Amino acid sequence: MERYDPRAIESRWQAVWEREGTWQVPNPGEPGFDPSKPKSYVLEMLPYPSGDPHVGHLKNYAIGDAIAHFRRRNGFQVLHPMGYDAFGLPAENAAIRTGEHPRVATERSIANFREQFHSWGISIDWRREVATCEPEYYRWTQWIFLRLYERGLAYRNEAPVKWCPKDQTVLANEQVIDGRCERCGTLVVERDLEQWFFRITEYADRLLEDFGLLESWPENVITMQRNWIGRSEGARVSFRCDELDLDFPVFTTRPDTLFGATFFVVAPEHPQLETLIAGTGREAEVRDYVALARKETTAERGAAGREKTGVALGRAVRNPVNGEEIPMFVADYVLMEYGTGAIMAVPAHDERDHAFARSFGLPIRRVIEGTDPDQARDDDGLPYAGDGKMTASGRFDGKHNREAYEEIISWLTAEGRGERAVNYRLRDWLLSRQRYWGCPIPIVYCDDCGLVAVPDGELPIELPEVDDYAPRGQSPLAAATDWVQTTCPSCAGPARRETDTMDTFVDSSWYFLRYLDPHNDRAAWGREAVDHWMPVDQYIGGIEHAILHLMYARFFVKALADIGELGVQEPFVNLFTQGMITRDGAKMSKSKGNTISPSDYVDRFGADAARTFICFMGPPEKGGDWTDEGVEGVHRFLSRLWRLGMEVPGDGGEAQEPEGNALELMRKAHWAIDKVTRDIAQDFQLHTAIAAVMELVNEIYRLRDGLAEDPGGQAVVRFATTTAASLIFPFAPHLGCEVFERVDGTRVWEVPWPQVEQRYLERDTFTLVVQINGKLRAQVEAPAGADRDALLTLARESEAVARHVDGKEIVKEIVVPGKLVNLVVR
RNA sequence: GCCCGGGUAGGCAAACUGGCAAAGCCCGCGCUCUUAAAAGGCGCUGCCCCUCGGGGCGUUGCGGGUUCGAAUCCCGCCCCGGGCACCA
């Protein structure tokens with residue numbers, strides 16, 4: 001007997017889609033554009049092309065494709081493009097090892113990815129494909145950089161920055177995970193370097209507020225971004241050093257504890273440290289300490305709970321609220337990058353200050369009384385971070401600290417010693433990298449004119465060819481001397497090009513805009529296209545991008561909107577984050593040897609089975625464990641459907657009002673339509689949607705023999721089979737088309753999504769559940785509209801019920817119409 | 001330490017607003033088709049009893065509570081996963 005042969009079926013349909021450009025969608029004004037259809041922009045995060053696509057890619061695009069197909073058949077004009085995040089370190093590191101140009105390796109990977117995506121049958125408008133490493137693309141990355149530069153949103157600055165000694169480049173804060181380089185895991189150190197930044201901090205509040213503009217984002221992603229931005233309200237307070245006639249502002253979230261400040265600490269990187277120690281006789285000790293602190297890795301310095309260290313400066317500052325002189329210290333627990341790089345230390349009410357005071361024998365003064373009488377009987381209950389009445393705080397004594405908080409800020413403001421302030425954990429985005437394989441920064445340095453932007457007309461500034469890609473602390477581009485030497489666009493004098501390249505996250509912060517007008521060589525995009533398609537209606541990707549990519553892209557869109565190039569404030573109104581696939585319960589990795597290659601499974605079981613399985617494993621937002629048996633199970637299910645397609649005749653029998661088993665099957669088909677539609681549209685419950693199609697197929701098998709002789713039954717079997725094919729199409733598009741065409745003769749993607757007929761969902765009777773004391777005792781068929789009394793009568797008539805009620809008193813009768821009766825007996 | 005998720009048959013899971021716990025898939029077992037095997041089809045798959053119609057009991061990490069009724073709500077605890085963590 002003939003068997004389900006996914007390879008033949010899949011290549012056949014892929015050829016049709018390829019030849020006919022089935023998934024191409026025109027822009028407004030182009031031939032074929034249908035203004036009557038609502039648009040839907042369905043987008044999966046673009047892949048970084050390296051080696052082979054892995055299961056994570058398969059999952060990402062299987063989910064996205066299901067949504068794209070579903071929306072198309074529900075009347076939307078769906079844009080579903082694909083591209084490659086093609087600049088970056090892996091290709092460059094390979095180039096360093098092999099000497100092969102990163103472009104060559106990248107293009108090879110792209111070709112491989114593209115081919116595999118085709119073999120998966122993903123419904124992409126391939127005319128819109130982009131790769132971020134192409135000059136036609138990065139020309140516009142540079143153009144955006146210049147727009148931000150003009151606005152002061154891109155700037156160059158010397159600052160202590162995170163440096164990866166292995167990759168020999170600086171990193172953004174977001175790329176440092178637990179003090180290690182996100183890419184290679186090397187411990188990161190701090191260096192003072194002049195670097196390029198994007199002023200994302202200017203957008204901190206809008207990045208927070210505009211969560212309100214989103215429709216559906218996972219709560220945890222919003223929380224992660226919120227924490228990352230880390231908005232804190234408090235006050236800025238100035239402490240004065242009389243000897244030096246200098247003010248030292250601090251940021252504090254607890255101005256109410258100001259009277260408890262007993263010492264003052266500055267960060268080792270504090271710019272006024274040298275001024276402070278000059279002439280104190282403590283210079284050597286302080287410098288030794290600072291040198292030590294700066295040699296440490298960020299992880300070492302940042303470790304919570306480590307022993308507090310520091311050195312006294314031999315200086316004092318005056319507390320503005322009580323005029324008290326308090327000693328100054330330098331300590332590495334104070335970070336230059338947060339607040340002002342200096343703190344007032346309140347050891348009674350801050351854990352870190354408390355630890356420091358203990359180590360250094362400094363006074364600890366309680367200024368807020370605890371409210372909990374039981375607290376900390378065996379010690380003084382300090383540090384205490386809670387609320388309570390003020391004490392040892394002069395005229396604020398006896399007041400509640402929340403009240404004092406406001407009054408102290410008012411007082412500071414009136415005295416000119418401070419003000420209300422907001423601080424953020426978020427730092428500006430460090431975007432320059434001392435690496436080769438990235439987008440060149442379109443800036444030149446002129447001895448006379450300083451920093452000069454490259455005029456738009458000279459874009460793109462193409463990457464020069466070099467012989468050696470190895471990073472040596474400065475960008476490999478610096479070796480391309482002919483390229484570096486240029487003329488100043490402003491004065492035509494000699495000038496040098498910027499040799500750093502951009503972080504690849506810059507490339508991926510706007511790619512979703514380029515898809516909309518990918519071949520435009522006069523602008524990054526045309527407004528009509530962008531205004532039509534934006535925002536992305538459904539974005540799908542891995543949770544690992546919760547902060548980095550998703551926050552950067554939000555920032556870019558807001559900045560571009562402010563510049564007047566875009567009409568939306570948020571790029572992605574709906575976000576779905578998929579869970580990670582494991583193997584034997586463990587994360588897949590080459591070192592563990594538990595990776596699986598999608599192409600193996602596509603070869604053995606077909607793309608449809610691999611895709612459907614991955615959507616069937618469990619809730620897609622959660623992870624799941626890949627098993628061969630699971631794929632085989634789905635393959636079996638698809639085979640059963642395929643066999644129906646072979647065996648169910650395309651004609652014969654006549655449609656008539658179904659009865660008996662035919663009616664049962666008809667109902668099951670409509671139940672499945674309803675279930676699948678709701679599961680996909682509402683909750684991304686793809687696994688239960690697929691289970692519903694499985695139920696329908698099982699039901700067809702159960703009933704079809706009995707319906708073979710029944711003329712009306714034939715039509716119902718045919719309907720049920722085409723319905724199953726139609727419903728499975730978003731997950732297994734090739735098989736869906738195959739079965740649908742065999743039985744119905746038409747192309748499933750050209751017909752609308754199946755519609756539920758309500759009358760097949762409703763029944764005349766329902767199974768009434770009868771409980772006695774909450775325990776299930778009987779099930780009785782009851783008329784659908786039966787009222788309370790009718791249901792109670794039915795319930796009591798049941799023999800099983802009588803057995804449990806006899807000789808007992810019914811004390812309560814609970815009736816849920818259409819569902820159950822519960823009799824409480826004693 | 002803080003903030004989120006989550007814990008349901010042997011495994012993955014399902015259960016809309018509190019209302020029949022366990023749909024679907026896998027594993028396992030039995031039957032069937034076949035010369036045979038594979039593939040396929042059918043059935044079973046918490047425990048106990050059965051005269052084979054069915055009947056009884058139990059059950060959602062642990063302990064308590066609310067309720068006629070709890071996987072679902074509340075309180076306390078245990079375990080697993082993720083995020084943040086010297087951010088003043």
Side-chain angles (χ1 to χ4, degrees), chain A residues 1 3-4 177-178 218-228 230-232 234 250-254 257 265 301-306 308 331-335 337-346 349-353 355-356 423-427 543-544 546-547 579-580 585 613 616-619 621-634 636-637 639-640 643 675 678 682-683 685 687-695 697-698 701-702 705 767-779 800 803 811-816 818-825:
Chain A
M1 191 179 108
R3 286 231 204 143
Y4 170 43
I177 311 293
D178 292 333
E219 204 47 55
N220 61 334
V221 173
I222 292 178
T223 305
M224 282 162 73
Q225 290 203 6
R226 192 166 269 142
N227 290 342
W228 188 264
R231 185 179 199 274
S232 296
V250 299
F251 172 76
T252 177
T253 52
R254 297 295 304 274
T257 64
V265 192
R301 249 187 87 174
R306 91 194 271 236
K308 293 279 176 292
D332 66 2
Y333 82 94
V334 174
L335 310 175
E337 50 198 14
Y338 186 77
T340 61
I343 61 155
M344 65 173 203
V346 184
H349 303 288
D350 181 279
E351 207 177 308
R352 299 149 299 171
D353 298 345
F356 190 88
N423 221 324
Y424 301 91
R425 211 188 78 114
L426 180 71
R427 322 253 197 282
I543 185 77
E544 66 273 18
I547 296 171
M580 200 174 48
F613 170 63
F616 180 64
M617 293 169 79
E621 70 276 16
K622 294 213 302 187
D625 207 56
W626 182 280
T627 63
D628 285 12
E629 291 80 7
V631 190
E632 284 167 33
V634 168
R636 253 195 298 277
F637 154 66
S639 301
R640 278 161 71 79
R643 216 171 315 118
K675 172 88 178 140
R678 281 187 294 115
Q682 289 170 18
D683 324 298
Q685 297 288 299
H687 59 313
T688 50
I690 293 164
V693 185
M694 288 174 170
E695 281 195 59
V697 168
N698 290 344
Y701 269 81
R702 246 192 307 273
D705 285 347
T767 307
L768 176 71
V769 171
V770 186
Q771 298 178 336
I772 312 293
N773 289 346
K775 270 198 187 346
L776 171 70
R777 290 301 176 191
Q779 297 182 44
R803 199 163 53 234
V811 291
K812 197 161 186 179
E813 292 165 334
I814 285 118
V815 180
V816 182
K819 268 205 182 118
L820 86 152
V821 166
N822 186 16
L823 304 175
V824 184
V825 301

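Letters A, B, ... are given to chains in the order of the sequence lines, protein chains preceding strands, and every chain is numbered from 1. Here the structure is a predicted model, which means the values were calculated and not measured.
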A.B. asks: Under the side chain to side chain contact (heavy atoms under 4.5 Å, CB included) test, which residues partner Ala692(A), sequence neighbours left out?
C.D. replies: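 Counting only residues at least two positions away or on another chain, Ala692(A) forms a side chain to side chain contact (heavy atoms under 4.5 Å, CB included) with Trp671(A), Lys675(A), Val676(A).
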A.B. asks: What's touching nucleotides 63-65 of chain B from the protein side, N or O pairs under 3.5 Å?
C.D. replies:
none

A.B. asks: At a cut-off of 3.5 Å, list every protein nitrogen or oxygen paired with a nitrogen or oxygen from nucleotides 83-85 of chain B, distance to 0.1 Å.
C.D. replies:
residue	atom	partner	partner atom	Å
C84(B)	O3'	Arg425(A)	NH1	3.3
A85(B)	OP1	Arg425(A)	NH1	2.5

A.B. asks: Using side-chain heavy atoms (C-beta onward) and a distance below 4.5 Å, is Met617(A) in contact with Phe613(A)?
C.D. replies: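 Yes, their side chains come closer than 4.5 Å.
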A.B. asks: Name all residues meeting the salt bridge (Lys or Arg N to Asp or Glu O under 4.0 Å) criterion together with Asp332(A); count only those two or more places apart in sequence or in a different chain, and write none if there are none.
C.D. replies: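 For Asp332(A), the residues satisfying salt bridge (Lys or Arg N to Asp or Glu O under 4.0 Å) (neighbours in sequence not counted) are Arg306(A).
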A.B. asks: Kindly point out which of C3(B), C86(B), C26(B) is positioned nearest to the side chain of Tyr333(A)?
C.D. replies: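 Nearest listed nucleotide: C86(B).
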A.B. asks: So Arg636(A), base contact, sugar-phosphate only, or nothing? Heavy-atom distance under 4.0 Å.
C.D. replies: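 Counting heavy atoms under 4.0 Å across all strands, the contact made by Arg636(A) is with sugar-phosphate only.
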A.B. asks: Sequence neighbours excluded, which residues qualify as side chain to side chain contact (heavy atoms under 4.5 Å, CB included) partners of Arg678(A)?
C.D. replies: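 Listed in chain order: Asp674(A), Gln682(A).
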A.B. asks: Can you build the contact string for nucleotides 19-24 of chain B? Use B for base contact, S for sugar-phosphate-only contact, and - for no protein heavy atom under 4.0 Å.
C.D. replies: BB--BS
A.B. asks: Applying ring pair (Phe, Tyr, Trp, His ring centres under 6.0 Å), name anything that partners Tyr333(A), two or more places apart in sequence or on another chain.
C.D. replies: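 Tyr333(A): ring pair (Phe, Tyr, Trp, His ring centres under 6.0 Å) contacts with Phe356(A).
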A.B. asks: Any N/O pairs under 3.5 Å between the protein and nucleotides 45-51 of chain B? List them or say none.
C.D. replies:
none

A.B. asks: Taking all non-hydrogen atoms of both residues into account, name the closest pair between Ile543(A) and Val221(A) and its distance.
C.D. replies: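 Between these two residues, the closest heavy atoms are CD1-CG2, 3.6 Å.
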A.B. asks: State the dot-bracket string of RNA chain B. Criteria: Watson-Crick or G-U wobble, both atom distances under 3.5 angstrom; notation: ( ) intrastrand, [ ] crossing earlier pairs, | interstrand, . unpaired.
C.D. replies: (((((((..(((......[....))).(((((.......))))).((((....))))...(((((..]....))))))))))))....
A.B. asks: Could you check whether Ser639(A) gets within reach of a base, just the sugar-phosphate, or nothing at all, counting any heavy atom under 4.0 Å?
C.D. replies: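 Answer is nothing: Ser639(A) stays at 4.0 Å or more from every strand.
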A.B. asks: For a quick check of understanding: with a heavy-atom distance under 4.0 Å over all strands, which category does Thr252(A) fall into, base, sugar-phosphate or nothing?
C.D. replies: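 Result for Thr252(A) = sugar-phosphate.
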A.B. asks: Looking across every strand, which nucleic acid part, if any, lies under 4.0 Å from Tyr701(A) by heavy atom: base, sugar-phosphate, or nothing?
C.D. replies: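 Answer is sugar-phosphate: Tyr701(A) comes under 4.0 Å of backbone atoms only.
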A.B. asks: Minimum heavy-atom separation for Val265(A) to Ala345(A), with atom names?
C.D. replies: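 What the structure gives for the nearest pair is CG2-CB, 4.4 Å.
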A.B. asks: What's the closest nucleotide to the Arg640(A) side chain, out of C42(B), A88(B), A39(B)?
C.D. replies: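 When the side chain of Arg640(A) is considered, C42(B) is the closest of C42(B), A88(B), A39(B).
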A.B. asks: When you measure from the side chain of Arg643(A), which nucleotide among C86(B), C68(B), G40(B) comes out closest?
C.D. replies: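 Selected nucleotide: G40(B).
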A.B. asks: Checking understanding here: a glycosidic angle within 90° of 0 is syn, the rest anti, so what is G56(B)?
C.D. replies: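 For G56(B), whose glycosidic angle is more than 90° from 0, the conformation is anti.
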A.B. asks: Roughly, in whole Å, what's the span from CG in Asp625(A) to C1' in C12(B)?
C.D. replies: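 About 9 Å, once rounded to whole Å.
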A.B. asks: Checking all strands, does Gly339(A) fall into the base, sugar-phosphate, or nothing category for heavy-atom contacts under 4.0 angstrom?
C.D. replies: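 No contact.
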A.B. asks: Residues in salt bridge (Lys or Arg N to Asp or Glu O under 4.0 Å) with Glu337(A), at least two apart?
C.D. replies: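 Counting only residues at least two positions away or on another chain, Glu337(A) forms a salt bridge (Lys or Arg N to Asp or Glu O under 4.0 Å) with Lys162(A), Arg427(A).
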A.B. asks: Measuring only between side-chain heavy atoms, which start at C-beta, is Val346(A) closer than 4.5 Å to Thr252(A)?
C.D. replies: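 In short, these two side chains do not touch, never coming nearer than 4.5 Å.
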A.B. asks: On a whole-Å scale, what distance lies between the P atoms belonging to C57(B) and A38(B)?
C.D. replies: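 Each nucleotide's P atom is 43 Å from the other's.
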A.B. asks: Please list, for nucleotides 52-57 of chain B, all pairs of protein and nucleotide N/O atoms separated by less than 3.5 Å.
C.D. replies:
residue	atom	partner	partner atom	Å
C57(B)	OP2	Arg777(A)	NH1	2.9

A.B. asks: Kindly write out the residues that satisfy salt bridge (Lys or Arg N to Asp or Glu O under 4.0 Å) with Arg640(A), not counting sequence neighbours, or none if the list is empty.
C.D. replies: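 None.
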A.B. asks: Would you mind classifying the nucleic acid contact of Val334(A) as base, sugar-phosphate or nothing, using non-hydrogen atoms under 4.0 angstrom?
C.D. replies: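 Contact class for Val334(A): base.
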